[in-house]
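Numbers here are sequence positions counted from 1. Note that these values count all heavy atoms, side chains included, but never hydrogens, waters or copies made by symmetry.
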Amino acid sequence: MQHFIVIGNPINHSKSPAIHHAFADSAGLDICYQRQFCPDDQGSFEAVVSAFFAGGGVGANVTLPFKEIAHQLCQHTGAMSNDAKMAGAVNTLMMRDGKLYGDNTDGRGLVADLISQNVDLTHKKIAILGAGGATRGAILPLLSHGAHLAIYNRTLTKAEQLVQDFDHPNLSAHSLDELQHTTRFDVIINATSATTTGQSLDFGRITADFAYDMMYGKPSAFLAHFAKQGARTSDGYGMLIHQAKLAFELWTGASIDLDQVTLPD
């Protein structure tokens with residue numbers, strides 16, 4: 001039996017065990033995947049990771065608030081994928097050639113979910129709201145699929161810093177105030193925490209064909225706003241599934257067909 005965990009704080013809400021056990025059932029693999037609570041400090045996180053892999057663990061997912069700490073750990077003691085390096089965060093850990101290896105499957109999971117919903121990204125105008133970790137993780141995968149990406153954030157300097165870090169001709173930074181101008185996008189993505197916190201966002205006069213909220217499980221004023229305009233909408237549950245699928249395939253070498261998987265609601 002192969003052992004896996006998801007490390008977080010809080011962690012009781014995580015759907016990862018049910019999702020990964022569903023993947024294992026479809027692939028005919030015998031696994032044990034558990035939630036692992038961790039005190040919110042670097043030393044505790046490093047101790048949990050070390051003990052898990054020393055005990056023969058195969059793979060660990062990392063969720064809030066430890067993704068940046070996982071990145072630092074891999075940076076100092078192991079290796080990372082390019083996605084993880086550019087995201088500044090790690091959500092997937094494993095051992096590779098005797099060293100800790102970190103990946104970030106969040107952004108690729110977002111892109112995979114958009115593509116699964118027949119959203120074309122090539123040469124399309126895409127707006128992303130927010131300039132935090134969720135946006136940073138999504139930039140490289142979106143640009144890699146040919147998107148023209150505009151980052152909107154309350155603090156313009158944070159968006160400008162991302163543009164500087166990625167240094168790509170199809171990436172631009174804007175203040176949220178600019179949403180007051182009439183602008184049409186093919187896709188608009190909410191990467192802020194507004195849906196979870198209940199914070200209100202002013203979407204101004206912006207319109208879009210497709211609206212995507214990275215959050216899931218709660219009513220989204222963002223999605224409701226664009227649905228009223230006639231846009232197609234989606235929450236981030238599919239992103240959760242796809243990022244988990246990428247991690248599972250990385251760990252096990254299995255190929256998962258989501259059409260053959262009975263997933264939790």
Side-chain angles (χ1 to χ4, degrees), residues 81-89 103-154 156-192 201-216 220 222-223 225-243 245-246 249 258:
S81 69
N82 198 42
D83 280 311
K85 287 176 185 173
M86 295 304 293
D103 195 2
N104 189 312
T105 63
D106 285 331
R108 302 199 310 276
L110 165 68
V111 166
D113 190 31
L114 289 170
I115 291 172
S116 77
Q117 298 187 61
N118 299 313
V119 177
D120 183 16
L121 300 173
T122 309
H123 305 310
K124 300 301 181 182
K125 287 178 62 180
I126 298 179
I128 189 162
L129 308 184
T135 293
R136 178 177 280 276
I139 290 172
L140 184 60
L142 286 168
L143 291 175
S144 297
H145 278 75
H148 292 253
L149 189 59
I151 303 170
Y152 287 82
N153 196 58
R154 276 202 172 89
L156 178 59
T157 51
K158 284 189 72 176
E160 288 174 335
Q161 183 62 55
L162 288 177
V163 170
Q164 183 178 324
D165 290 347
F166 282 83
D167 189 24
H168 194 285
N170 292 343
L171 186 63
S172 60
H174 309 268
S175 164
L176 275 180
D177 294 339
E178 292 183 48
L179 295 179
Q180 299 306 317
H181 306 299
T182 304
T183 310
R184 180 159 195 86
F185 285 93
D186 297 295
V187 180
I188 184 167
I189 300 168
N190 178 31
T192 73
L201 289 172
D202 184 355
F203 305 114
R205 301 169 67 185
I206 199 166
T207 59
D209 296 326
F210 189 94
Y212 191 98
D213 196 328
M214 285 193 187
M215 301 298 126
Y216 67 94
S220 169
F222 168 83
L223 294 182
H225 173 85
F226 287 98
K228 281 182 184 176
Q229 294 183 354
R232 288 202 298 137
T233 63
S234 174
D235 70 8
Y237 184 62
M239 176 180 171
L240 174 73
I241 299 300
H242 281 279
Q243 66 81 20
K245 173 180 178 285
L246 289 164
E249 291 175 337
L258 291 180

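- From Ile151, atom CD1 reaches atom CD1 of Ile128 across 7.0 Å, with rounding to the nearest 0.5 Å.
- The OG atom of Ser175 sits 13.5 Å away from atom NZ of Lys158, with the distance rounded to the nearest 0.5 Å.
- With sequence neighbours excluded, the residues forming a side-chain hydrogen bond (donor to acceptor under 3.5 Å, both in side chains) with Ser172 are His174, listed by chain and number.
- Looking at Thr207 and Phe226, their side chains never come closer than 4.5 Å, going by heavy atoms from C-beta outward.
- Within the structure, the salt bridge (Lys or Arg N to Asp or Glu O under 4.0 Å) test picks out no pair touching residues 229-240 (sequence neighbours left out).
- A pairwise comparison of heavy atoms in Tyr216 and Leu240 identifies OH-CD2, 3.3 Å as the closest pair.
- The environment of NE2 in His168 is crowded: more than 12 heavy-atom neighbours from other residues, nucleotides or ligands sit within 6.0 Å.
- No side-chain heavy atom of Asp209 sits under 4.5 Å from any side-chain heavy atom of Val187.
- For the residue pair Asp83 and Pro141, the shortest heavy atom distance occurs at OD1-CG, 3.9 Å.
- Between Gln117 and Phe210 there is a side-chain heavy-atom pair separated by less than 4.5 Å.
- Using a 4.5 Å heavy-atom threshold, the side chains of Leu179 and Leu129 count as touching.
- The shortest heavy-atom contact between Ala89 and Asn104 is O-ND2, 3.0 Å.
- Rounding to the nearest 0.5 angstrom, the gap separating the CG atom in Leu142 from the CG atom in Leu110 is 5.5 Å.
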Please evaluate residues Leu149 and Asn170 with respect to the criterion side-chain contact (heavy atoms from CB on, under 4.5 Å), reporting the C-alpha separation (whole Å), side-chain torsions for both, the decisive distance (0.1 Å), and the verdict.
CA-CA 6 Å; Leu149 189 59; Asn170 292 343; over 6 Å; no
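- Once rounded to the nearest 0.5 Å, the distance linking CG of Leu246 with CZ of Arg108 reads 5.5 Å.
- Considering only heavy atoms from C-beta on, Leu171 comes within 4.5 Å of Ile139 through its side chain.
- The two atoms that bring Tyr152 and Thr183 nearest to each other are OH-CG2, 4.4 Å, heavy atoms only.
- Asp165 has a carboxylate O that lies under 4.0 Å from a charged side-chain N of Arg136, or vice versa, which qualifies the two as a salt bridge.
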Worked check of side-chain contact (heavy atoms from CB on, under 4.5 Å) between His181 and Arg205
CA-CA 6 Å; His181 306 299; Arg205 301 169 67 185; over 6 Å; no
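- Applying the side-chain hydrogen bond (donor to acceptor under 3.5 Å, both in side chains) criterion to Tyr212, with sequence neighbours excluded, gives Asp113.
- A donor-acceptor contact shorter than 3.5 Å links the side chain of Asn153 to the backbone of Ala131.
- In this structure the side chain of Leu121 reaches within 4.5 angstrom of the side chain of Leu114, judged on heavy atoms.
- Rounded to the nearest 0.5 angstrom, Ile206 CD1 and Ile188 CD1 are separated by 4.0 Å.
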Kindly indicate, with the supporting measurements, whether the criterion side-chain contact (heavy atoms from CB on, under 4.5 Å) is fulfilled by Phe166 and Leu140.
CA-CA 8 Å; Phe166 282 83; Leu140 184 60; 4.1 Å; yes
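- The structure places CE of Met239 at 11.0 Å from OG of Ser234, a figure rounded to the nearest 0.5 Å.
- Put simply, the side chain of Thr135 gets close to the backbone of Gly130: a donor and an acceptor are under 3.5 Å apart.
- Here the side chains of Asn190 and Met214 are not in contact, with every heavy-atom distance at 4.5 Å or above.
- Donor-acceptor pairing under 3.5 Å is lacking for the side chains of Thr105 and Asp103.
- Between Arg154 and Asp177 there is no salt bridge, since no side-chain nitrogen of the basic residue lies less than 4.0 Å from a carboxylate oxygen of the acidic one.
- In terms of heavy atoms, Ala112 sits closest to His242 at CB-ND1, 3.5 Å.
- The shortest non-hydrogen separation linking Arg184 to Lys125 is O-NZ, 3.3 Å.
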